[in-house]
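These notes are about the structure you will find just below.
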4 protein chains.
Amino acid sequence: MELISKVSMELFAENGFHATSMSQIAKKAGISKGLAYNYFESKKEILDQIIQSGLDTIYSNLETNPDGVLTDDEFVHFIRENFMIIRSNHHFWRLYYSLLLQPQIADSLKTLYLERAQPLLKILQNFILSKGNKNPEADFVAISAMLEGAYLLTVTTPELFDDGTIEEQIITACFKILNN
Amino acid sequence: MELISKVSMELFAENGFHATSMSQIAKKAGISKGLAYNYFESKKEILDQIIQSGLDTIYSNLETNPDGVLTDDEFVHFIRENFMIIRSNHHFWRLYYSLLLQPQIADSLKTLYLERAQPLLKILQNFILSKGNKNPEADFVAISAMLEGAYLLTVTTPELFDDGTIEEQIITACFKILNN
Amino acid sequence: MELISKVSMELFAENGFHATSMSQIAKKAGISKGLAYNYFESKKEILDQIIQSGLDTIYSNLETNPDGVLTDDEFVHFIRENFMIIRSNHHFWRLYYSLLLQPQIADSLKTLYLERAQPLLKILQNFILSKGNKNPEADFVAISAMLEGAYLLTVTTPELFDDGTIEEQIITACFKILNN
Amino acid sequence: MELISKVSMELFAENGFHATSMSQIAKKAGISKGLAYNYFESKKEILDQIIQSGLDTIYSNLETNPDGVLTDDEFVHFIRENFMIIRSNHHFWRLYYSLLLQPQIADSLKTLYLERAQPLLKILQNFILSKGNKNPEADFVAISAMLEGAYLLTVTTPELFDDGTIEEQIITACFKILNN
DNA sequence: GATGAATGAGTTTTCATTCAT
DNA sequence: CATGAATGAAAACTCATTCAT
């Protein structure tokens with residue numbers, strides 16, 4: 001079951017959900033199609049379960065106090081950790097982003113995601129607010145977009161940043177935005 | 001033929017390439033399946049043609065002198081124009097991003113894209129260089145990521161920014177990064 | 001389409017709905033499975049359509065004035081005609097009876113059937129009432145049961161009555177019941 | 001084993017033999033699929049065993065002297081008892097009738113049935129003969145059909161006759177047929 | 001006795017594609 | 001140009017049955 005999920009995630013991420021067949025999954029997992037259906041009611045259910053447990057494991061690794069305010073050093077650490085998590089789950093994130101682009105699926109996914117990501121966004125927001133700038137919302141939008149974009153680039157074209165310095169550049173830019 | 005492309009792009013963007021059938025396309029276009037095959041050799045060819053002409057029309061609207069250096073005002077205008085183009089072609093961009101996440105397809109797409117986008121990146125690069133900062137590469141990465149992220153958000157969750165101010169916040173952040 | 005219906009009815013009647021596969025249907029009809037799905041959305045839809053048009057053709061052949069009262073001769077003719085119709089549609093009736101025994105399907109079927117059969121039952125009722133017996137309801141129940149049973153026997157074991165005299169014996173019994 | 005039979009009979013009767021899966025049976029019986037196969041070699045064998053023991057218990061309850069001749073009172077009692085038996089085994093009879101309509105299965109079933117039912121038919125025949133009518137075969141056909149039909153109605157639409165008077169009406173009609 | 005993981009052949013259904021008209 | 005009937009390969013899914021434990 002773990003195996004099926006793992007194999008499916010890789011295939012879904014590489015080829016897309018619709019372009020991946022149960023036969024491929026079964027073959028790559030070294031089992032029969034029938035067995036896959038003993039564990040999951042449908043292909044869709046495999047996807048759902050991947051999303052669920054993917055978000056679970058990712059966010060459980062990040063649990064911090066969402067009400068406290070980070071110091072600069074903690075913020076730096078926080079961002080680096082985010083990138084590390086993305087890198088070590090790039091299959092999942094690639095899948096996540098591709099699903100996000102399909103309106104049919106996206107809505108339920110967005111809800112699920114926002115629910116789990118809320119504490120993180122809160123941490124970011126609090127940090128930005130603590131800087132006392134005139135327009136914290138604008139800073140929040142800009143930094144969120146920058147992170148989102150950097151995550152996407154990390155996932156889609158990791159070879160461009162395999163020196164792993166993208167986060168340092170992002171961090172530097174964050175402070176430029178905030179200390180101004 | 002124009003119609004088939006248009007209709008296909010919408011369906012591909014909304015449901016994904018693989019989840020869209022030729023029947024759906026023919027039905028939505030109000031023609032027979034057979035006729036679609038008079039114009040296109042295969043479903044894949046429709047996609048290719050969409051990408052080709054999509055990039056064509058988009059970048060032909062943006063042709064500027066890639067070797068010159070923008071003034072600040074021109075840069076602002078340049079960014080705003082980019083967002084406008086994204087918004088008026090959100091179907092295309094949604095499709096573009098979803099394809100980008102499928103490695104099978106992504107490679108040829110990336111080549112194609114970089115080819116067309118090169119002049120724009122050059123403009124951005126020149127502008128950043130003209131600011132004379134210590135680490136222009138870092139600024140380039142940060143700003144590229146921020147733009148990429150903002151485009152993605154514009155395409156996937158337009159409702160969050162329907163006041164259309166996201167570009168202003170991005171522009172402000174760009175200058176903070178560059179004037180520092 | 002006519003062909004598919006016809007072939008399906010025979011197979012459904014001989015083997016049962018669930019025990020008949022689309023492959024069998026396609027093979028017997030000399031077409032591909034795919035084509036069958038051009039005409040019918042699902043196997044269930046084939047069944048529905050068979051029932052609909054089966055009841056249609058049968059009852060349209062029997063349309064008589066349901067408010068008038070039959071003479072004895074007309075009653076005899078009416079019964080004989082019923083048996084003839086059953087015999088020339090024995091596939092359909094075998095299918096009909098087998099569906100009647102599956103509660104899942106039976107309810108919608110019963111409604112559909114009663115709707116169409118109502119005029120016939122009315123004719124029978126009127127005829128019985130015209131005889132002025134003390135307990136017409138009892139006569140109606142007995143005669144209905146006798147007809148139902150005779151139809152069932154005709155459909156399931158036609159060889160027992162291939163001389164075609166069962167209806168004469170039923171008719172005789174009817175008059176015994178009514179003239180008493 | 002008893003349990004498996006009982007549960008299977010209910011499911012077969014409600015949903016049909018082919019539409020019932022071993023999983024459903026095992027689930028409803030609260031056992032594993034494997035265990036079911038310790039008791040029965042196949043799904044078909046469950047069915048066979050149900051039919052066998054179904055006919056057994058039913059006819060063992062009815063054993064009377066097949067050579068004697070019933071009095072009128074005994075005949076009335078005999079019919080009432082038949083209806084009672086049908087009612088208390090409606091699952092079985094529903095299943096029986098549905099199988100009767102599938103030629104593949106029906107032949108072996110008919111043989112089996114006739115074997116067991118022979119004594120009962122003999123009793124009925126003797127009773128009819130004892131009335132000394134001109135055409136006892138015709139009376140036999142009519143009364144058999146009436147009983148068959150009444151049984152079918154009792155099994156398929158019990159709600160129509162839940163006052164339990166259908167047998168009285170049938171009995172009355174029988175005497176009308178016979179005393180004429 | 002009892003389980004349930006595992007299979008493989010079968011089922012219903014879908015769909016890109018072809019082609020006679 | 002245009003249709004839509006037709007196909008065949010492959011998809012998702014089911015299920016009777018087996019077997020190691």
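Letters go in sequence order (proteins before strands), and every chain restarts at 1.
The line from CD of D:Q52 to CD of D:E45 is 11.0 Å long, rounded to the nearest 0.5 Å. The distance from atom CD1 of C:I51 to atom OH of C:Y113, rounded to the nearest 0.5 Å, is 12.0 Å. Of the inter-residue distances, the one linking C:Y96 atom OH with C:I86 atom CD1 reads 10.0 Å to the nearest 0.5 angstrom. We find the CG-OH distance between A:L3 and A:Y39 to be 10.0 Å, quoted to the nearest 0.5 Å. For the atom pair CH2 (D:W93) and CD1 (D:I58), the distance works out to 5.0 Å, reported to the nearest 0.5 Å.
If you measure from atom NE2 of C:H18 to atom P of F:dT14, you get 14 Å, rounded to the nearest angstrom. Atom pair B:M22:CE and F:dA10:P shows a separation of 19 Å (rounding to whole Å applied). At whole-Å resolution of the value, NZ in A:K27 and P in F:dA10 are 12 Å apart. Between B:L3 atom CG and F:dC1 atom P there is a gap of 13 Å when expressed in whole angstrom units. Remark: P of F:dC15 and CD1 of D:I25 are 12 Å apart, rounded to the nearest angstrom. Summarising the geometry, the separation between CG on A:L11 and C1' on F:dA11 is reported as 15 Å, rounded to the nearest angstrom. Rounding to whole angstrom units, CG of residue B:L47 and P of E:dA16 are separated by 13 Å.
If you check residues 32-46 of chain A against DNA chain F, the residues with a heavy atom closer than 4.0 Å are A:K33, A:G34, A:Y37, A:S42, A:K43, listed by number.
The only member of A:K43, A:H91, A:R94 that meets side-chain contact (heavy atoms from CB on, under 4.5 Å) when paired with A:F12 is A:K43.
By the 4.0 Å N-to-carboxylate-O rule, B:K6 lies too far from B:E2 to be salt-bridged with it.
Mapping C:G30 and B:G30 onto DNA chain F via the closest heavy atom, the residue that lands nearer the 5' end is B:G30. Comparing A:F17 and B:I31 by the nucleotide of DNA chain F that holds the closest heavy atom to each, the one mapping nearer the 5' end is B:I31. Nearest-nucleotide assignment on DNA chain E puts the 5′-proximal partner with C:Q24, out of B:T20 and C:Q24.
Taking a pair as Watson-Crick or G-U wobble with both distances under 3.5 Å, DNA chain E forms stems of 3 or more consecutive pairs at E:2-21 with F:2-21.
Counting non-hydrogen atoms of neighbouring residues, nucleotides and ligands closer than 6.0 angstrom, the NZ atom of A:K110 exceeds 12 such neighbours.
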request  = Decide side-chain hydrogen bond (donor to acceptor under 3.5 Å, both in side chains) for C:S5 and C:Q49; before the verdict, give the C-alpha distance in whole Å, the side-chain angles of both, and the deciding distance to 0.1 Å.
outcome  = CA-CA 8 Å; C:S5 286; C:Q49 207 263 13; 3.2 Å; yes
